[in-house]
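Heads up: the structure comes next, in structure tokens.
Hydrogens, waters and symmetry mates are skipped; everything else that's a heavy atom, side chains included, is used.
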Amino acid sequence: MPLSYDFYSLSNFSPDSFSSLAEVLSPELIDKCLSESGVATLRKRRLPLDMMVWSIIGMSIFRDMPMRDIVNKLDILLPGNRPFVAPSAVVQARQRLGTEVIKKIFYQTQQQWHQHTPHPDWCGLTLLGVDGVVWRTLDTAENQSEFAKTTNGKRESGYPQVRMVCQMELTSHLLTGASFDSVSVSEMNLAADLIQTTPDNSLTLFDKGFYSLGLLHRWSETGVQRHWLLPLKKGTQYEVVRKLGRLDKIIRLKTSPQARKKWQDLPDTIEARLVTRTIKGKEYTVITSMVDPMRFPVADIADLYAHRWGIELGYREMKQYMLKNELTLRSKKPEMVRQELWGALLAYNLIRFQIGKMAYSLDSILPIQLSFSRASAYIIQQLSIMPHLSPGKIPKAVNDMLSMAKSFLLPERGERSCPRIVKSRPKRYAEKKPKKCASALN
């Protein structure tokens with residue numbers, strides 16, 4: 001693994017200051033985002049907007065519970081004569097809260113959590129991955145008008161769908177950014193929305209579906225040392241500028257008039273680095289913006305692309321383990337769909353941040369070396385009981401959470417013995433074999 005692990009900073013990372021949920025998602029930060037979004041209110045309601053943020057997070061981590069029960073379980077009601085809240089009150093509170101607040105909280109927290117979480121790097125670059133995923137919404141008239149349905153040439157899917165492109169820090173699986181829209185919008189356009197939020201001194205790994213010279217040029221030209229790497233698309237024409245080695249070249253790629261019209265700052269040609277590697281007799285070729293051979297060794301570049309699968313694992317963690325395979329979103333209206341999705345991303349980051357604290361409380365252990373399925377189930381259980389604990393008992397509950405870290409360690413990952421392939425989806429019901437007719441038997 002060609003990453004430089006700063007084990008000194010990992011061993012000096014202290015989680016002792018974390019004593020309550022308020023230090024993970026502080027009330028001050030929530031109030032600031034409410035104020036910036038213009039939804040703060042002076043009126044006291046049974047469902048305060050600052051506490052409703054936790055209910056949006058709860059929609060994802062308590063996937064099998066209705067919204068009303070989540071509000072009661074998290075104990076976020078102000079005192080009143082009625083012990084429970086009506087479903088209509090929860091819907092109205094979500095509508096008052098809106099989407100922009102949850103989006104702002106997501107970006108504010110990811111910046112803080114990444115600043116307080118040590119990450120291994122490669123040649124001084126933070127390793128990021130970008131990829132797309134599709135979400136299914138309820139089949140309501142409002143969702144149908146806002147979100148398209150996919151088709152396979154013969155028929156369309158039964159549900160409106162949302163296409164999302166996320167950016168993830170690959171050594172912690174903490175998300176750094178996201179963009180989503182109707183499934184009819186391409187991943188390329190959504191990826192362009194992530195350019196402004198991409199951190200400096202980073203390397204972003206794409207799959208070959210994101211090959212766009214306009215996108216890649218804008219990505220590297222925005223900010224400082226924002227590099228990219230992806231497989232070379234089959235049939236791509238290029239000119240060799242100079243050879244750095246037998247399997248290492250600087251190449252020149254011509255841009256099309258259509259691309260220059262869409263990306264107005266795109267030059268006629270761009271230079272990139274072409275690296276080839278042979279694995280079990282098959283050649284694999286990647287291109288990258290890291291053209292400096294002295295700073296970026298070719299031997300390590302060839303191995304980097306394997307880390308891109310981290311974001312695929314992150315999507316599996318989110319959908320299969322956190323959402324428990326309940327893949328259809330709850331919300332009936334597009335605005336609430338967007339709010340729910342930002343809440344799901346925030347909930348995933350919250351769990352991932354807790355797993356990071358567990359990992360860094362051990363010696364030389366990274367968050368991706370802990371089992372997400374087991375650790376997240378334990379964290380969600382602890383989060384659900386914390387509102388019912390007295391303040392004096394919360395530090396002990398947190399320390400107990402950290403002390404369980406060793407039980408979630410994964411065994412060392414071995415080398416793959418077979419290539420990655422797309423497997424057919426298993427069928428829910430067994431197929432009934434047709435009976436042979438009597439004439440055929442005779």
Side-chain angles (χ1 to χ4, degrees), residues 55-70 87-88 90-92 94-95 98-99 102-103 106 130-166 168 175 178-191 193 207 209-210 311-348 373 376 420-434:
S55 72
I56 304 302
I57 296 173
M59 291 176 68
S60 297
I61 62 178
F62 302 116
R63 189 63 174 165
D64 55 345
M65 297 176 61
M67 195 66 185
R68 177 182 59 181
D69 292 351
I70 292 172
S88 60
V90 178
V91 174
Q92 293 169 9
R94 286 189 62 195
Q95 292 173 344
T99 301
I102 309 300
K103 180 179 178 179
F106 169 81
V130 167
D131 204 1
V133 67
V134 173
W135 298 88
R136 191 168 63 197
T137 72
L138 290 175
D139 192 14
T140 64
E142 293 92 337
N143 286 343
Q144 284 184 23
S145 64
E146 186 75 12
F147 307 118
K149 297 182 179 181
T150 57
T151 60
N152 61 1
K154 297 180 180 179
R155 60 181 181 178
E156 62 181 12
S157 63
Y159 295 87
Q161 295 182 329
V162 178
R163 190 184 306 282
M164 174 187 287
V165 172
C166 291
M168 175 184 287
L175 297 169
S179 177
F180 49 86
D181 206 327
S182 171
V183 73
S184 60
V185 179
S186 72
E187 290 184 345
M188 209 85 69
N189 292 335
L190 295 175
D193 295 337
D207 68 25
F210 289 90
I311 192 169
E312 303 278 6
L313 297 176
Y315 285 144
R316 185 184 69 176
E317 293 165 354
M318 196 182 306
K319 285 190 166 185
Q320 185 172 332
Y321 301 132
M322 188 181 78
L323 299 182
K324 301 176 182 177
N325 282 325
E326 296 287 340
L327 303 182
T328 304
L329 302 173
R330 302 173 185 243
S331 305
K332 297 180 179 180
K333 295 185 177 181
E335 184 67 11
M336 296 299 96
V337 167
R338 296 184 181 94
Q339 183 193 70
E340 183 178 349
L341 284 173
W342 284 115
L345 300 178
L346 182 57
Y348 177 76
S373 59
S376 62
R420 295 184 184 273
I421 59 172
V422 178
K423 296 182 179 179
S424 59
R425 184 184 295 273
K427 297 181 179 179
R428 179 177 293 183
Y429 305 106
E431 288 187 354
K432 188 176 181 180
K433 295 182 178 179

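- Residues satisfying the side chain to side chain donor-acceptor pair (under 3.5 Å) criterion with S186, sequence neighbours excluded, are N189.
- When side chains are defined from C-beta on, V130 does not count as touching C166, because their heavy atoms never get closer than 4.5 Å.
- With sequence neighbours excluded, no residue satisfies salt bridge (Lys or Arg N to Asp or Glu O under 4.0 Å) with E326.
- Nearest heavy atoms, G132 versus F210: N-CZ, 4.3 Å.
- Take R163 and apply the side chain to side chain donor-acceptor pair (under 3.5 Å) test, not counting sequence neighbours, and it matches no residue.
- With a 4.5 Å cut-off on side-chain heavy atoms, F106 and L175 count as touching.
- With hydrogens and angles ignored, the 3.5 Å screen pairs a side-chain donor or acceptor of S182 with a backbone N or O of A148.
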Worked verdict on L341 versus V162 for side chain to side chain contact (heavy atoms under 4.5 Å, CB included): CA-CA 10 Å; L341 284 173; V162 178; 3.8 Å; yes

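- Of the possible polar contacts, one joining the T99 side chain to the E335 backbone as a donor-acceptor pair under 3.5 Å is found.
- Proximity of D131 to E312: side-chain heavy atoms (C-beta onward) are separated by under 4.5 Å at one or more points.
- Evaluation of the side chain to side chain donor-acceptor pair (under 3.5 Å) rule for E142 yields no partner, not counting sequence neighbours.
- Every residue two or more places apart in sequence or in another chain that forms a salt bridge (Lys or Arg N to Asp or Glu O under 4.0 Å) with E146 is listed here: R338.
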Intermediate values then yes/no, side-chain hydrogen bond (donor to acceptor under 3.5 Å, both in side chains), R94 and S55: CA-CA 9 Å; R94 286 189 62 195; S55 72; over 6 Å; no

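- When side chains are defined from C-beta on, W135 counts as touching K319, because their heavy atoms get closer than 4.5 Å.
- Considering only heavy atoms from C-beta on, Q339 comes within 4.5 Å of I56 through its side chain.
- To the nearest 0.5 Å, atoms CG (L346) and CD1 (I57) are separated by 4.0 Å.
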Worked verdict on V337 versus N143 for side chain to side chain contact (heavy atoms under 4.5 Å, CB included): CA-CA 9 Å; V337 167; N143 286 343; 3.8 Å; yes

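- Listed by chain and residue number, D139 satisfy the side chain to side chain donor-acceptor pair (under 3.5 Å) test with Q144 (two or more places apart in sequence, or in another chain).
- E317 places a side-chain heavy atom less than 4.5 Å from the side chain of Y348.
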Steps toward side chain to side chain contact (heavy atoms under 4.5 Å, CB included) verdict (L345, M318): CA-CA 8 Å; L345 300 178; M318 196 182 306; 4.1 Å; yes

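- Partners of R330 under the side chain to side chain contact (heavy atoms under 4.5 Å, CB included) rule, at least two apart in sequence or in another chain, are M59, R63, I70, E340.
- Other residues, nucleotides and ligands contribute at most 12 non-hydrogen atoms within 6.0 Å of the NZ atom of K333.
- Scored by the side chain to side chain contact (heavy atoms under 4.5 Å, CB included) test, S60 finds M322, L323, A344, A347 as partners (sequence neighbours excluded).
- Between R136 and Y159, the shortest heavy-atom contact is CG-CB, 3.2 Å.
- With sequence neighbours left out, the ring-ring contact (aromatic ring centres under 6.0 Å, His included) criterion links F180 to W342.
- Residues satisfying the side chain to side chain contact (heavy atoms under 4.5 Å, CB included) criterion with D181, sequence neighbours excluded, are V185, L190.
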